[in-house]
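What follows is one structure encoded as structure tokens, with my remarks underneath.
The residues of the chain are indexed from 1 along the displayed sequence. Atoms within a ligand are numbered from 1 in the order they appear, just like the ligands themselves.
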Amino acid sequence: MKIKTKLTYGIGALFAMIVLILVVSVTYIRTVSADTRNILAANYNSLSYAKQMIYVLDRLNEDTGARNIFVENLKKQQQNITETDEGEITARLTMHFQQAKDTLTAENIQLLREDLDAIMTLNMSSIYEKSKIAEVTAQHAVLWISLIGAGCAVIALALLIIFPASITKPIKELMDGIVEISNRNYDKRLSIRATGEFRNVAVSFNNMAEKLSEYRQSILADILSAKKYIEAIVNSIHEPIIGLDENRKILFVNDEAINILNFKREEVIGKSATDLALKNDLLRRLVRELIQPGEKKEPLKIYADNKESYFQAKYIPIKVINTGESKEQYIGDVILLKNITEFKELDTAKTTFISTISHELKTPISAIMMSLKLLEDNRVGDLNEEQHALSRSIKENSERLLSITGELLKMTQVETGKLQLNPKITKPIELINYAVNATRVLAERFKCNIEVEYPEKIAKLFVDSEKIAWVITNLLSNAIHYSPENARVIIGAAQVGDKVEIFVQDFGRGIDPRYHQSIFDRYFRVPGTKVQGSGLGLAISKEFVEAHGGTIRVESEVDKGSRFTISFPV
Ligand code: ADP
């Protein structure tokens, strides 16, 4: 049944009940009122006339006024005959009054009194009867009105209980359904037992849920095919690739990664990389490098498919901007392992080549230097000024050549991991003195004033003195080269806590802060540097110092100078 019909029936029923109560009440009130009016008109008047006549009865003979009142009331009584027998008694009263004519005897008066008594008694008993009838009518009225009222109250109460529930129950069911749908339970259906509008709502709701369910299935199919597509792409990449979520759970791996990790696919997908790392060295290193991104990342040497391969790991954080948001949200990482075996092999070939060439060059350069020494010997013959200048130039260039081949050799040692340290206890001043002596000629040539700052008490070092002396010489040589003529250079040592620091400070051109990191890279030279060099000195120095567990750093400002400090644990 429609809500409108329900409302019409409910309110209509109440209206009908109110009308019924009204009709019954009015009818009964009218009946009771008619009864009362009847008593008044019919009986009360007769009693009043009779009473007036009795009042003047004893004065009828002597008082004409009294006689007139009697006659007047008698006439009124004659016109107010309402009861059976009343007409007869009134006729008898008239007859007894007329019989007596002008004079009334005591007997006549007695007869008249009896007639009047009879009229009064008749009317009084009639009043009594009629009031009894009125009382019964009133009782009936009370009974019927109460019965109908009670019936109406019961019906109204039933409407009050059933009617709101019949509306709210389907609404509640609909609301529950909507909540289920919003919780993505698209299998939710509403019962279509309801009638009227709610039946239509339930049918529409069920249609909507059905369509949503179909839609979800089609979306799922789309997502699955997109997932397969992405998996196919990931698998077609011929370099190992691992995808992690923000909690480092493995989301995907391609066959290459599976191969080098030496796991089965089902053993890794959905598992925590941190947990798996406990039993897999390669994954342990990858996770460690992912967590500590600042660490120096050496290529990974992996033995897979019966051959040795080198991989360079790349860690790519994945960030997305969710719909309706403006901030990027981190959702995980992708680890990409680039196979650099080929480059590594080429690099090794290059290093071997440089090493061989440098080694081979050393002998002829030494022979040139030896020949130069002989040439400058007076015993061989005198040289004129021009020849002296030429031999000096050959010597300088040969020295430079020797120093470059020396640096290249050292570099190849570092690159091939053949760096061997022969540490012994050394005083820092010995290393400083060595460097000052080694650069004396250079300093003189540039009229450079080298100052040594050395504290009275300083701990000794346990280092390969040849290599560290080389590092300090290189720093001092740079300080002289990159300072103008007549400049100051300070070299010194200091103990800072449990560390010994050796520093070289110049007041030359300085280094732009942009290059403070790169100057320690192999073959890097600050753009625009005119002084000749290989760009290897600082890179080798760094390797040498770090091989001793020490550090090297630079503080420098353009046009103010630079201060290089090497620091070693005591
Ligand atoms: P090289 O001196 O042979 O070029 P290095 O590795 O010793 O190689 O130095 C790398 C670069 O750092 C140099 O080319 C130079 O531009 C810059 N550099 C090094 N020391 C100084 C210094 N004391 N003052 C200014 N620039 C310097």
Under 4.0 Å to a heavy atom of [X] - the qualifying atoms of ligand 1, by number:
X    : value
S562 : 24 (N)
T529 : 14 (O), 16 (O)
I519 : 12 (O)
G533 : 3 (O)
V526 : 14 (O), 16 (O), 17 (C)

Query raised in the report: Hey, does the side chain of R488 reach the backbone of Q505 with a donor-acceptor pair shorter than 3.5 angstrom?
Result: no

Query raised in the report: With no hydrogens and no angle check, is any side-chain donor or acceptor of N254 less than 3.5 Å from a backbone partner on N235?
Result: no

Requested in this report: Would you kindly specify which portion of L475 sits under 4.0 Å from ligand 1, judged on non-hydrogen atoms: side chain, backbone, both or neither?
Outcome: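 Looking at L475 and ligand 1, no heavy atom falls under 4.0 Å.
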
Report summary line: If you scan protein heavy atoms around atom 4 (O) of ligand 1, the nearest is R525 NE, 2.6 Å

Query raised in the report: Out of G508, A479, G535, G510, who gets a non-hydrogen atom closest to atom 1 (P) of ligand 1?
Result: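 Answer by nearest heavy atom: G535.
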
Query raised in the report: Among Y482, F520, F524, F564, which residue places a heavy atom closest to atom 2 (O) of ligand 1?
Result: Y482

Query raised in the report: For I511 and ligand 1, does the shortest N/O to N/O distance drop below 3.5 Å?
Result: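 No; every N/O pair is 3.5 Å or more apart.
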
